2 protein chains.
Amino acid sequence: MQKERETRVTATGDWIDGLPEAGDELERSSTAERVADLLRSHIINGAMAPGARLSEERLGRKFRVSRNTLREAFRLLGHERLLVHEFNRGVFVAKPGAEDVVDLFRMRRALELPAVRSGARASAEALGAVGAAVEQGEAARARGDWEGIGTANMAYHRAVAGLLGSPRADETMRQLLAELRLAFHVMAAPRDFYAPYLDRNRAIYDLLAAGAFEPAAQELEEYFDVAERQLVQAFTADSRG
Amino acid sequence: MQKERETRVTATGDWIDGLPEAGDELERSSTAERVADLLRSHIINGAMAPGARLSEERLGRKFRVSRNTLREAFRLLGHERLLVHEFNRGVFVAKPGAEDVVDLFRMRRALELPAVRSGARASAEALGAVGAAVEQGEAARARGDWEGIGTANMAYHRAVAGLLGSPRADETMRQLLAELRLAFHVMAAPRDFYAPYLDRNRAIYDLLAAGAFEPAAQELEEYFDVAERQLVQAFTADSRG
DNA sequence: ATTGGAGTATTGTTCAACAATCCTGTGATG
DNA sequence: CATCACAGGATTGTTGAACAATACTCCAAT
């Protein structure tokens with residue numbers, strides 16, 4: 001009897017202990033966070049032009065939330081540099097300049113290159129995410145979905161940074177890429193900006209999968225140089241106003 | 001007459017244009033930001049124990065601010081990972097674990113090592129900040145100010161990351177170091193933890209000042225290895241409860 | 001063309017209220 | 001004895017209104 005009871009208890013314990021610790025799946029979110037998510041998607045999709053003003057009263061009425069809740073959301077996005085908060089003047093959609101693009105690429109180099117070079121220590125899962133993003137991008141290209149190509153490119157570089165296995169790097173990378181995507185909306189309609197880079201993404205992934213981490217890093221570095229130059233050029237050419 | 005008028009006008013214009021664009025000096029801060037600054041310093045100085053709960057009502061009464069303002073401050077510090085916000089339960093001072101220390105060092109390596117290696121491109125001002133931090137630390141040691149040594153060490157590594165000349169790296173570094181400092185308060189009183197590293201800081205700076213960037217990076221890497229191991233060890237040894 | 005000033009609109013902050021959720025202690029039940 | 005149910009109290013989540021402080025606009029005056 002004692003034995004049966006004990007086995008039952010330990011069995012239950014093992015069962016529960018074996019569960020994956022209740023991740024963020026059932027994490028209830030506050031209204032402010034949901035509003036922030038909504039605003040963020042609008043911003044990076046270009047629905048809100050860079051520099052546009054976000055009126056507390058009008059947005060609050062639109063989303064059916066109070067000003068206080070809206071202000072909490074503003075704080076969140078301000079910390080991600082998607083909104084800029086000017087005291088007593090209001091919040092505006094950030095308007096990145098060429099110097100921001102340069103800085104963003106500096107950060108990307110600092111995070112993504114070490115991530116690739118540490119590829120040997122990366123989990124198979126993290127590596128698989130890179131491959132999945134490559135195919136996601138190619139599928140988007142096949143159906144001419146330019147928006148999808150951009151999304152896939154973001155996923156790709158997030159996955160690359162994810163090779164580090166660092167929660168903080170993941171979070172930082174997420175922000176950087178969102179900001180970078182906002183930067184695109186500043187320059188003149190670059191619908192198929194990312195398309196030429198899909199093959200390069202594939203090449204880097206193949207090197208990664210083959211264990212050639214240093215060559216992959218070199219390829220990635222070259223990509224950074226080319227993409228940054230093209231972006232900065234688009235910015236300075238477009239610098240009227 | 002026309003000429004005189006024109007010169008006067010252009011002179012005024014040049015004078016104003018020459019001014020340094022009004023930096024953050026006269027940037028008025030909101031109450032929420034001031035509260036956040038106050039809380040941050042309390043957290044970093046260990047006045048609030050990791051894991052402690054921050055009651056909205058009591059803190060609001062203490063600081064004489066409304067709950068809404070306090071909540072805005074909580075959001076700011078939550079984004080910096082100094083506070084953790086559990087929905088419907090409240091906010092708590094973050095309680096970093098060994099895995100956080102490992103992650104923090106991953107990020108530090110990613111940011112500080114490239115910064116040192118790019119030292120050739122760094123401004124003289126940024127380099128001077130590193131030297132100033134070294135001397136600040138040595139002065140603190142001379143008068144037995146252990147708290148001051150810790151502060152100087154933070155300033156030192158912020159200055160090192162500052163060699164990149166990247167605003168985003170500066171901001172990220174500021175957060176990482178604040179979080180790291182919080183981690184110290186978790187382990188058993190390490191008053192003179194930083195003291196042994198002062199000479200190493202000096203050595204790295206001397207290499208930097210001499211233009212030996214790669215050797216400086218190697219020294220820094222070694223410092224990371226030693227410091228991380230010591231910290232993680234202190235954590236795992238102290239992992240009861 | 002620039003300066004001053006009144007009036008309006010918007011943000012900053014507080015306060016009070018209520019709903020939703022969590023925590024605690026108590027008793028019932030097997 | 002362990003577990004569960006449940007009521008009561010405490011805390012957070014969110015709203016709405018109010019007022020102060022600041023910025024913006026427009027017009028008059030020089």
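Everything numeric in this text was worked out from a predicted model, so none of it was measured. Residue numbers begin at 1 in each chain, while the letters A, B, ... track the order of the sequences.
- Taking a 4.0 Å limit (strictly below) on heavy-atom distances, residues 66-78 of chain B reaches DNA chain C at B/S66, B/R67, B/N68, B/T69.
- In this structure, B/F224 and B/F105 have perpendicular ring planes: the angle between them is above 60°, well past the 30° mark.
- One can place CD of B/E86 at 11 Å from P of C/dC22, the figure rounded to the nearest angstrom.
- Looking at every heavy atom in both residues, A/R109 comes nearest to A/P114 through O-CD, 3.4 Å.
- By the side-chain contact (heavy atoms from CB on, under 4.5 Å) test, B/R229 pairs with B/D225, sequence neighbours left out.
- The distance from atom CZ of A/R61 to atom C1' of C/dA9 is 13 Å, rounded to the nearest whole Å.
- Taking the side-chain contact (heavy atoms from CB on, under 4.5 Å) definition, one finds that B/E125 meets it with B/S123, sequence neighbours left out.
- Checked against salt bridge (Lys or Arg N to Asp or Glu O under 4.0 Å), B/E171 has the following partners two or more places apart in sequence or in another chain: B/R174.
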- ring pair (Phe, Tyr, Trp, His ring centres under 6.0 Å) between A/Y194 and A/F184, intermediate numbers included: CA-CA 11 Å; A/Y194 281 125; A/F184 284 122; 4.9 Å; yes

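- Every ring-ring contact (aromatic ring centres under 6.0 Å, His included) that A/H79 has, sequence neighbours left out, goes to B/H79.
- The pair B/R168-A/D100 meets the salt-bridge criterion, since a charged nitrogen lies less than 4.0 angstrom from a carboxylate oxygen.
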Enumerate all atom pairs, one protein N or O and one N or O from nucleotides 7-11 of chain D, separated by less than 3.5 Å.
{"unit_1": "D/dT11", "atom_1": "O3'", "unit_2": "B/R53", "atom_2": "NH2", "d": "2.5"}

